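Step one of this worksheet: look at the structure below.
Values in this document were obtained by computation on a predicted structure and should not be read as measured data.
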Amino acid sequence: MDSFIIAALALCALMVPAHGEKWNIKARSCSDIKQFYGGKGFALDGVPQSEISGEHLRICPQGYTCCTSEMEENLAVQSRREMEGLLKEAGRSLQTSLTGRYKAFDGYFLQLLNHSAISLQEIFIPIWGSVYSQNSQAFTDLYTDLRHYYQGSNVNLEEVLNEFWSRLLEKLFHQANKQYFIGEDYLECVSKQIETLRPFGDTPRALKMAVTHVFVAARSFAQGLVISGEVVRKVSQVLLSQECMNAMMKMTYCPHCRGMATARPCTNYCYNVMKGCLANQADLNTEWRHLAETMIQVAERLNGPMGVESVVLTLPHRISEAMFTMMDNMDNINNKLFQACGPLREGGTSSTGVDEILKRGKVTVEDSLGEGANKMEKLVSDVTIRLRDMQSYWVSLPRILCSDRVATGTGAEEKCWNGINRARYLPEVIGDGLASQINNPEVEIDITKPDMTIRQQIMQLKIMTHRLKNALNGQDVDFQDTSDDVSGSGSGMCADEPCSRGPRLVVPSTDQPILYEYPPENKKVKASALQILPSVTILLLSLLLLLLRR
């Protein structure tokens, strides 16, 4: 009997941890977690004075604890709220970055258009005199239509340019033949001859190619920045699931309930929790990369000899050259028009003003911004760098969000919180995306039910990328209904909340670590032997007391 009692006592001694967080016979005080819990803004009425048995816990390991069921629930909700706040802040940082670059690009593009329009007016008045002043509306309408097109209005760019040259042909023909009486029907006949007559030489055709090339690219580029910012905003506001909340609680605040306030999560443990919580977000990765890559290709179209600055700023010069081409060949043009549309009867004024204009000679129109030249190249380069930085944003979030919370330093892998105790975390890191979560040992997710908000944003990315690819081919695109609440280029990227300038979220461009599949059977690894330690100890002590009474 004595030997049996000694063996039982030895077994009881072995069941009590020899180091780390000890299960003392005397219950420990809960003063530390009481201070921590109160610091989170919760009432302290129900906080135990000392440790209690943890059979009531539903998320944390069921050992001795200072957390009641209500405290566990409150801290779980707090952990989800804090994580959603971090996601919004990270998204806001990227969104603010995209918004700032959009505004810079948009502002400069409109500045170029305004500068070009003002330059045309300043130069044309002394050169063309009454020819310009009496017909200035045609030029004003051209710039207005170009501006509206860039800003997303339902404007057909080719029709705008064709209409401009037809109107200009009518105006100049009328100006050069004031000695004749010219009715509206005759002018309509004149405008119909523009393709066969080619009064402006090759300028209309060349200008149409250049303007379409630049404006389609610029509009799609600006719209891409708007849409990408909207996607970030909407996805960053997606609420985390109940399963994610439980996993976050277990990783973040269960150590406090277990009396291990200083324990920080193991690195791979944190990765698996975050990858499970952000599985739907990671599915954005493919289309997000496609959008960024296509925008970078479009950006290359905005610089160079046929880039934005060159095309927009030389508009006055090209239009003036085309007008001089027509005036120089007015006699030949008149003869062809008289044959096609019939002769004209005299009845107008004697002076046409054409000879006076030609005597003044051609004047080179200023086509640069002086010190502001090549600003577009710098703006586009800045956006391109940011687009490359953000390509891996959605799959990099778990690593970024874990970087400041995991255990580090000597022995961290052996003393970190693994969800149950201070010990090494054995499961390997799983893959990204919803499909990979079937093997996630930390977050239980129904992979057959993807988040619909995120799926909608994936579709928005696909649509935008398709339109950007059309822009690369010079095809006109219609941006109406690109997003459910975004139209045009100036509808704003912070509709629901103000854009704040948070710290820039830098996504490292290093290669992703190799990710290993985790065996399905390990899905059941949710506890350890330490969780049943108190009940086993109690049974052994009861057995010992019965033996002593004999």
Side-chain angles (χ1 to χ4, degrees), residues 84-110 150-152 217-238 278 280-296 298-299 302 379-397 400 453-468 471 477 479-507:
E84 287 174 348
L86 288 175
L87 289 173
K88 285 183 181 180
E89 184 59 34
R92 190 180 294 114
S93 177
L94 178 56
Q95 184 187 347
T96 299
S97 175
L98 292 169
T99 302
R101 285 161 174 81
Y102 159 72
K103 288 182 177 178
F105 177 85
D106 179 69
Y108 184 62
F109 190 90
L110 292 176
Y150 164 73
Q151 292 178 323
R219 184 165 86 154
S220 63
F221 187 73
Q223 194 73 13
L225 290 173
V226 173
I227 294 300
S228 58
E230 277 296 295
V231 169
V232 172
R233 180 180 68 83
K234 291 179 181 179
V235 173
S236 298
Q237 293 175 348
V238 171
L278 303 175
N280 281 283
Q281 286 84 339
D283 282 344
L284 285 157
N285 180 60
T286 299
E287 294 305 327
W288 183 258
R289 282 182 174 274
H290 287 167
L291 175 67
E293 290 166 358
T294 311
M295 286 187 66
I296 291 172
V298 172
L302 303 175
L379 287 172
V380 171
S381 175
D382 180 52
V383 175
T384 300
I385 291 171
R386 191 67 185 105
L387 289 172
R388 289 197 174 99
D389 286 346
M390 77 177 196
Q391 280 184 309
S392 60
Y393 174 77
W394 298 110
V395 292
S396 296
L397 274 175
I400 295 169
T453 297
I454 292 179
R455 296 295 141 175
Q456 289 170 0
Q457 297 313 303
I458 290 175
M459 183 56 63
Q460 292 299 326
L461 293 175
K462 287 183 178 180
I463 293 171
M464 189 66 240
T465 301
H466 176 71
R467 292 177 174 178
L468 283 162
V477 286
F479 286 112
Q480 300 301 315
D481 298 326
T482 302
S483 177
D484 52 355
D485 63 354
V486 180
S487 62
S489 65
S491 50
M493 298 168 65
C494 306
D496 293 348
E497 59 186 274
C499 291
S500 62
R501 293 189 176 275
R504 179 182 177 187
L505 183 66
V506 179
V507 179

Quiz prompt | Exercise: identify the closest heavy-atom pair between S228 and L291 | solution =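 The answer is CB-CD2, 3.9 Å.
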
Quiz prompt | Minimum-distance pair of heavy atoms, taken over all atoms of A292 and L387 | solution =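 Minimum heavy-atom contact is CB-O, 3.9 Å.
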
Practice problem: Would you sort out whether N280 and R455 count as a side chain to side chain contact (heavy atoms under 4.5 Å, CB included), showing the intermediate values? | Solution: CA-CA 8 Å; N280 281 283; R455 296 295 141 175; 3.8 Å; yes

Would the distance check show the side chain of [X] and the main-chain N or O of [Y] forming a donor-acceptor pair, the cut-off being under 3.5 Å?
{"X": "R101", "Y": "S97", "value": "yes"}
{"X": "S93", "Y": "A90", "value": "no"}
{"X": "S236", "Y": "R233", "value": "no"}

Quiz item: Please walk me through it: do L110 and Y150 pass side chain to side chain contact (heavy atoms under 4.5 Å, CB included)?
Solution: CA-CA 9 Å; L110 292 176; Y150 164 73; 3.9 Å; yes

Self-check item: Heavy-atom side-chain contact between H290 and L461 under 4.5 Å
Solution: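 SC-SC contact between H290 and L461 ruled out.
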
Self-check item: Given T286, D283, V235, the one that forms side-chain contact (heavy atoms from CB on, under 4.5 Å) with I458
Solution: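 Between I458 and the candidates, side-chain contact (heavy atoms from CB on, under 4.5 Å) is satisfied uniquely by D283.
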
Exercise. For M295 and S220, run side chain to side chain contact (heavy atoms under 4.5 Å, CB included): C-alpha distance rounded to whole Å, both residues' side-chain angles, the deciding distance at 0.1 Å, then the answer.
Key: CA-CA 8 Å; M295 286 187 66; S220 63; over 6 Å; no

Exercise. Just say parallel, tilted or perpendicular for the rings of W288 and W394, cut-offs at 30° and 60°.
Key: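 W288 vs W394 ring planes: perpendicular.
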
Practice problem: Please assess M390 against V232 for the test side chain to side chain contact (heavy atoms under 4.5 Å, CB included), listing each intermediate value before the final yes or no. | Solution: CA-CA 11 Å; M390 77 177 196; V232 172; over 6 Å; no

